[in-house]
Amino acid sequence: MSNHLPLEIVEEILHRLPVKSIVKCTSVCKAWNSLITHQTFIYDHLNRTIQAPNHNSSLFFQFMEFIPSPCLRLENAYSLSSSVNQQTDQLSVELFPLSHLFDPDRYTLFVSTCNGLVCSADYSPLKSATIIIWNPLLRKYIVLPKPITTRRKRGRQDLCCYVDRNYDFFFGFGFDSRNNDYKVVRVMNDRCTKDAPHVQVYSLASHIWRSISVTVPQFFLIDRSWLPSVFLNGALHWLVWRDVGINYKFILSFDVIQETFREFTLPQPQSNETHPSSRLLPVEGGHSLAVVNRSGRAFCIWVMKDYGITNSWTEIFRLDTELYGDICRVLSLTSSGKVFLKLAGGAVVLVDPTKESKEPVGIAKWAFVSLSSFVQSLFFLNKKPHVLSF
């Protein structure tokens, strides 16, 4: 076919194929291989995939389970759902294939997803973390150089990993569209001092870490052991709090391009909602910032209609545990308006609040379940330095 069609037409056809089909096409001939593995084609394919009017983004399921052993450890697994329209009870769960790269005595977390890549790290503020970026579709990954640890060791052994109650510590992973560069941010905040948080940024383009001097709003983490970030509109977002006479909760964001922090206020609770618990909610497609508030037996889902305009917070759903069962956690909001829930018994279900319907996903084994938006991409297909296969 390549001998009869202009290369421009071949390129147009290839852009319309799914990732796994494109990978197979690299073996057709040298010309196709050179075209597909070129960085320009890889970026163009991603942009076309995201902008396609019939684009169905995917969801990346993240699972963890405590495994009894001589030293209590966590087993990690994941699953990719290519579309929420498929049979949700047939999700294929795979064990995390790169767990051998991490210290077995530390938590291994899926930090976040971005453009078809997943960032994973082991959680310990007392040692230099092992961090990887991997593409689950292409089965390729890189291991990041160790970030510099600047804090003293004054923690205690807890669940076979060092947990230092004096530090708030988290990661984020996002894409710098101005420089076509992926970045990992690592923030360490010492609760015992008034020192500014220590912020480090890793650049995939340079493959190095650098410390940055930046103003960070005072904050403490709400969930200190499991804090995936949400990447949206070129910024990373975490739910945090600070003491202003009351526990004031807000969203801390980090602009990946400008490398600056800012904060957003949360939606205001209703008059009958006193001290609701809040959590950032991933949205399929990654186009909206959403929050779920829990007050009593009700879960209220809010969406920021205009990004950055806190007055645009709008409540779109209110879920009652009496209707859907004993809801343990709201996991994700899909682009079609459905909601993934984890019930107290461990089961994961997909509900349609407008129809008040519920269908099982069939996943009940895992103690911790989280979801992130995911889009298929060809990143790491070309043989860049440091890229390995698994």
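One-based numbering along the sequence shown.
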Value rounded to 0.5 Å, distance of CD1 in Ile22 from OG1 in Thr37: 12.0 Å
Ser211 side chain near Val199 side chain, heavy-atom distance below 4.5 Å: no
Derivation and outcome, side-chain contact (heavy atoms from CB on, under 4.5 Å), residues Ser312 and Tyr307: CA-CA 8 Å; Ser312 70; Tyr307 180 78; over 6 Å; no
Heavy-atom pair with the smallest gap, counting every atom of Thr354 and Phe317: CG2-CE2, 4.1 Å
Exercise: do Asn293 and Ser278 side chains pair donor with acceptor under 3.5 Å: yes
Spacing of Ile133 atom CD1 and Ser120 atom OG [to the nearest 0.5 Å]: 9.5 Å
Cluster link Val143 to Val201, ILVMFWY, side chain under 4.5 Å: yes
Phe219 and Phe170 aromatic centres sub-6.0 Å: yes
Beyond-backbone contact of Ile142 with Phe380, side-chain heavy atoms, under 4.5 angstrom: yes
Side chain to side chain, Ile251 and Trp238, heavy atoms closer than 4.5 Å: no
Under 3.5 Å donor-acceptor, Asn33 side chain and Cys29 backbone: no
Donor-acceptor contact below 3.5 Å, side chain Asn135 vs main chain Leu137: yes
Within 6.0 angstrom of His38 NE2, more than 12 heavy atoms from elsewhere: no
Short side-chain to backbone donor-acceptor contact, Trp209 and Gln200, under 3.5 Å: no
Salt bridge (Lys or Arg N to Asp or Glu O under 4.0 Å) evaluation trace for Glu11 with Arg16: CA-CA 9 Å; Glu11 181 176 358; Arg16 300 170 186 268; over 6 Å; no
Atom of Leu17, atom of Ser21 and distance for their closest heavy-atom approach: CB-CB, 4.2 Å
No-hydrogen, no-angle side-chain donor-acceptor test under 3.5 Å, Asp44 and Asn47: no
Passing option when Leu280 is tested against Leu266, Leu239, Leu232 for side-chain contact (heavy atoms from CB on, under 4.5 Å): Leu239
Donor on one side chain, acceptor on other, Asp326 and Thr321, under 3.5 Å: no
Leu289 and Asn233, any side-chain heavy atoms less than 4.5 Å apart: no
Pair Tyr248 + Phe250: ring centers closer than 6.0 Å: yes
Residues Ser288 and Lys305: side-chain donor-acceptor under 3.5 angstrom: no
Heavy-atom donor-acceptor pair, Ser34 side chain to Lys30 backbone, under 3.5 Å: no
Shortest non-hydrogen separation from Leu138 to Leu378 and the atoms involved: CD1-O, 3.6 Å
Check: Ala367 main-chain N/O paired with Glu65 side-chain donor or acceptor under 3.5 Å: yes
Arg297 CZ: over 12 foreign heavy atoms closer than 6.0 Å: yes
Parallel, tilted or perpendicular: ring planes of Tyr43 versus Phe175, cut at 30 and 60 degrees: tilted
Geometric class of the Phe254/Phe261 ring pair [parallel <30°, tilted 30-60°, perpendicular >60°]: tilted
Minimum side-chain heavy-atom gap Val118-Phe60 below 4.5 Å: yes
Closest contact, heavy atoms only, Cys25 versus Ile36: CB-CD1, 3.8 Å
Side-chain (Arg294) to main-chain (Phe299) donor-acceptor, under 3.5 angstrom: no
pair Leu117-Trp134: side-chain heavy atoms closer than 4.5 Å: no
Spacing of CZ belonging to Arg262 relative to OG belonging to Ser253, to within rounding of 0.5 Å: 5.5 Å
Side chain proximity check, Tyr78 to Pro97, heavy atoms < 4.5 angstrom: yes
Lys183 vs Asp176, salt bridge (Lys or Arg N to Asp or Glu O under 4.0 Å): CA-CA, chis, key distance, verdict: CA-CA 7 Å; Lys183 294 179 179 178; Asp176 179 345; 3.0 Å; yes
Pair Thr314-Trp302, side-chain contact (heavy atoms from CB on, under 4.5 Å): steps then yes or no: CA-CA 5 Å; Thr314 304; Trp302 297 73; 5.5 Å; no
Phe63-Trp366 aromatic ring centre distance below 6.0 Å: yes
Same apolar cluster (I L V M F W Y, side chains within < 4.5 Å links), Ile257/Val214: no
Over-ring placement of Arg186 relative to Tyr202, 6.0 Å and 45° cut-offs: no
Ring centre gap for Phe41 and Trp32 strictly below 6.0 Å: no
Common cluster, Ile208/Val256, ILVMFWY with side-chain heavy-atom separation under 4.5 Å: no
Backbone of His207 reached by a side-chain donor or acceptor of Ser203 within 3.5 Å: no
Gln62 side chain to Ser372 side chain, donor-acceptor N/O pair below 3.5 angstrom: yes
Whether Asp255 side chain and Thr260 backbone form a donor-acceptor pair below 3.5 Å: no
Test side-chain contact (heavy atoms from CB on, under 4.5 Å) applied to Ile132 and Leu144, step by step: CA-CA 6 Å; Ile132 67 168; Leu144 276 58; 5.5 Å; no
Distance-only polar pair, side chains of Lys140 and Ser389, donor-acceptor under 3.5 Å: yes
Centroid-centroid distance, Phe61 to Phe340, less than 6.0 Å: yes
Separation of Asn180 CG from Leu204 CG (nearest 0.5 Å): 11.5 Å
Parallel, tilted or perpendicular: ring planes of Phe379 versus Tyr182, cut at 30 and 60 degrees: perpendicular
Nearest heavy atoms of Phe173 and Thr113, plus distance in Å: CD2-C, 4.4 Å
Salt-bridge present (Glu263, Arg242; N to O < 4.0 Å): yes
Residue pair Val184 / Cys119: nearest heavy atoms and the distance that separates them: CG2-SG, 4.1 Å
Under 3.5 Å: donor-acceptor pair, side chain of His237, backbone of Val230: yes
Parallel, tilted or perpendicular: ring planes of Phe96 versus Phe110, cut at 30 and 60 degrees: perpendicular
Check: Val23 main-chain N/O paired with Thr26 side-chain donor or acceptor under 3.5 Å: yes
Cluster link Val28 to Leu7, ILVMFWY, side chain under 4.5 Å: yes
Verdict with reasoning, Leu35 to Leu14, per side-chain contact (heavy atoms from CB on, under 4.5 Å): CA-CA 10 Å; Leu35 170 67; Leu14 291 174; 3.8 Å; yes
Non-hydrogen side-chain atoms of His45 and Gln376 separated by less than 4.5 Å: no
